[in-house]
J.: 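First the structure, then my questions, so here it is.
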Amino acid sequence: MQRLLLLGLNHSTAPLAVRERLALSNEQRAAALSAFRAQFEGTEAVLLSTCNRVELYVSRAVHGHPRPEEMIDFLATFRAIDPAEFRGHLYEKSDRGAVEHLFAVASSLDSMVVGETQILGQVREAYDAARDAGATGPALNPLFQRAAAVGKQVMTETRLNEGRLSVASVAVDHAGRIFDHFNDKTVLCIGAGKMTQLVVRGFAALKPKRLLCSNRDASKAEKLAATFGGEAVPFEKLDEHLVAADIVVSSTGATQPIITRSRFEHLLRQRRYRPIFLIDIALPRDVEATVGELENVYLYNLDDLQQAVSATQSQRKESIDAARAIVTKHVDGFLAWHRAREMGPFIERLSQRYHQLAREELERTVAKLGDVTPAERSHLEELTRRIVNKLLHDPIRTLRESESPHGAASAYLHAMEKLFQLGDNMGGDEEAAETDEPPTTT
Amino acid sequence: MPTTGQLALLILAAALFAASVIASVLRSRKVAAAPSSAPRGPQRAGPVTVGTLAGGIVASVGVIIWHAASRGHWLPINDNFEALVWLGALLALFVLYIQTTRPLGALDWFITPVAILLLLGAAFFGRVEYHDYVNSTWSWLHRATSYAGAVAFAIAAAAGAMYVVTSRRLRSKTPVGPNLGSLERLEHLTMTAVTLGFALLTIGTITGGVRMLEGAKNTPPTKLVLALAVWVVYAIVLHAPINPSFRGRKVAVLSMVGFVLMIGAIVAVQFLPESAT
């Protein structure tokens, strides 16, 4: 029997400063999955790491490992940070709670910007990476496949992603509250991530005087510059560009801030204290938070922009309610399917085993009786079958009705497995179950 | 004393200005409540706001004409009552011009209340004693430039206040509420108004000095000190392009401080026992 566990933190439980310490790049995620499975053999795991959340989904034997505390230790050790730094920001969920959470995440209901579509792709990407690493199996495969389907259904059947501002549009709006016109302004883009391109596209539409693209990899800067009609400039001369720029969009993969307070303070005089709008959409952040305290510097990071976007959520209550209804329906459907899949083989074997025992005892008794007519034999067979069914009726009914948000069904199954000594018979169907698809609820 | 009819018309003008502010606030709330998937720029004034504001201006000008006609002197700024009404009407006219040509957020929320206070001040405290300064070109020029400078400084102070509010919102990362206009435009408006006001104030100070040399009654020391303080404050503001570390919030705050001192120099001293004008 398997137990599903979720350990994670997100934008609502942890500040950006904590999230950026735990965030994992794609390469780090693959290494983490590998290390996790080496440490906890026989488990399944998916690691979801985005700018808004870091979540570890694990499926393990009911009384197996890891326990939540071990998962915390694993994350802390892997990221080489003190568990105390993030323990207070974590949430733990199991079984139904974990399923509900994942479906809500994939549907963008748990996003800071409810209705954003990027998260669905990120969930799929996390699952694909785990599957390719061999870290998923009969428990997490159907769960994540179902989560992706639910997310897609929510996006197509509700208007959740309509009527909201995008991070890019909010950035442009904020720039419009600082600058009156843009035809004499210089926009500097550092890095070349997906989000950067979205934001830069918004600023390029304002037709700034200059659009500078800078990247450690010059070819990427040239490509971005060509896309938006800007000019690629060397990363080594970043200070010069920062003096010239009025708007800076930064999203590099640097692990340490590239624009520090001490660095920028020197540039303020050269800039003649012109206002500057710094948009830091990198994780970990590219711009030291204290830079925003300087006069005429307006620094916004991803959380700041997303919070402005989330202010539009109240206008979309109907869409959110509709999305929640879809998620709830799918959680119920998935759990019912999952329960049936877990219990079906168990009940089948339990029934077969005790009917077999009854038949054997019947044959023994018939042999002792000697002269038994077919009609009498039929009655005896019926008698034993009824007795077995009545004896098994209550345990099976209890098992079927025992599902709860805390996974009582798994506990009952485990107990019955021991009591009825069915453990050896339980593994046979797992391989077949791996290819099972959960029912599609529409 | 102004006649009861003139006072009634003045109160009506103030009420119309108040109604225009209320209409503007209500319209802003209505627009903010409407769903939008695009950022909102500065809000254009609605027809009720424009109508009531224009009505208030017409009523104010009507009071000035009525008052001048009843006295038989047509030269503007004949007495304190008239001067305060002129100030209020000019400020309202400026708001009307900006909000109907290139709207600047909630400019009317910041300037129109000042115009209302000026009208109410004229109604309840405005003196109507005829002064001999209208017989002297220097005296009249002193009055006209000082009051025109005050209008410019009121605009600079309003733009400065809007700058401070917008800057604080942007820094607190919660730029919700109406778009008051970009910092760049507000700073430009502040500097333009201060430059104009400073030039007028300087002329007003020089002509005031000439007037004193001509043998006019002594100017109260409080007024002299306040006028000097105003001049210094705005001189610092104008210094900003040379010393850019002053630009932005500091300029905005100083423009507000200067306006408070200017109010003191023009209005408050009228009620001091030592006042001679």
Side-chain angles (χ1 to χ4, degrees), chain A residues 16 115 159 161-182 184-185 202 246-247 268-278 289 292-319, chain B residues 29-43 98 102-107 159 162-192 239-254:
Chain A
L16 193 57
R159 301 175 66 188
N161 63 344
E162 294 177 17
R164 66 176 174 84
L165 301 178
S166 66
V167 165
S169 68
V170 166
V172 171
D173 175 57
H174 282 35
R177 290 178 186 239
I178 299 170
F179 304 110
D180 188 42
H181 41 270
F182 295 89
D184 61 347
K185 301 295 183 297
D246 299 289
I247 297 165
L268 278 179
R269 187 180 288 272
Q270 293 178 54
R271 292 181 48 80
R272 293 185 64 77
Y273 296 90
R274 281 174 13 251
I276 186 167
F277 185 24
L278 292 170
E293 296 168 4
L294 297 171
E295 199 67 32
N296 293 324
V297 176
Y298 298 93
L299 169 62
Y300 277 68
N301 60 38
L302 201 54
D303 270 13
D304 301 327
L305 293 170
Q306 289 187 134
Q307 271 163 8
V309 174
S310 67
T312 62
Q313 280 176 207
S314 61
Q315 297 167 358
R316 295 181 291 130
K317 189 175 179 305
E318 282 183 19
S319 302
Chain B
R29 291 182 63 166
K30 188 179 173 185
V31 170
S36 170
S37 58
R40 295 183 173 96
Q43 182 194 324
I98 292 289
R102 198 179 163 214
L104 187 52
L107 182 75
M162 289 162 73
Y163 185 101
V164 170
V165 171
T166 302
S167 177
R168 283 177 68 96
R169 279 180 179 173
L170 283 166
R171 282 190 172 277
S172 66
K173 315 291 172 67
T174 53
V176 291
N179 187 338
L180 300 182
S182 67
L183 294 179
E184 187 178 22
R185 190 175 170 206
L186 291 169
E187 187 181 26
H188 177 71
L189 178 60
T190 304
M191 291 305 292
T192 305
H239 192 63
I242 302 165
N243 182 4
S245 65
F246 257 100
R247 68 179 300 172
R249 202 166 48 86
K250 288 176 187 167
V251 161
V253 171
L254 280 175

J.: Under 4.5 Å heavy-atom distance to chain A, tell me which part of B/T166 shows up: side chain, backbone, both or neither.
T.: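 Just its side chain gets close to chain A.
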
J.: With sequence neighbours left out, write down each residue that passes side chain to side chain contact (heavy atoms under 4.5 Å, CB included) with B/R168, or none if nothing qualifies.
T.: B/V164

J.: Examine whether an atom of A/R271 lies under 4.5 Å from a heavy atom of chain B, and if so say whether it belongs to the side chain, the backbone or both; otherwise answer neither.
T.: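 Looking at A/R271, nothing touches chain B.
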
J.: Quick check with a 6.0 Å cut-off and a 45 degree axis cone: is B/R171 positioned over the face of A/Y298's six-membered ring?
T.: yes

J.: Residues in side-chain hydrogen bond (donor to acceptor under 3.5 Å, both in side chains) with A/E293, at least two apart?
T.: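 A/E293 satisfies side-chain hydrogen bond (donor to acceptor under 3.5 Å, both in side chains) with A/R261 only.
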
J.: May I ask you to check whether A/F277 and A/F179 place their ring centres under 6.0 Å from each other?
T.: no

J.: Side chain, backbone, both or neither: which part of A/L268 has an atom under 4.5 Å from a heavy atom of chain B?
T.: neither

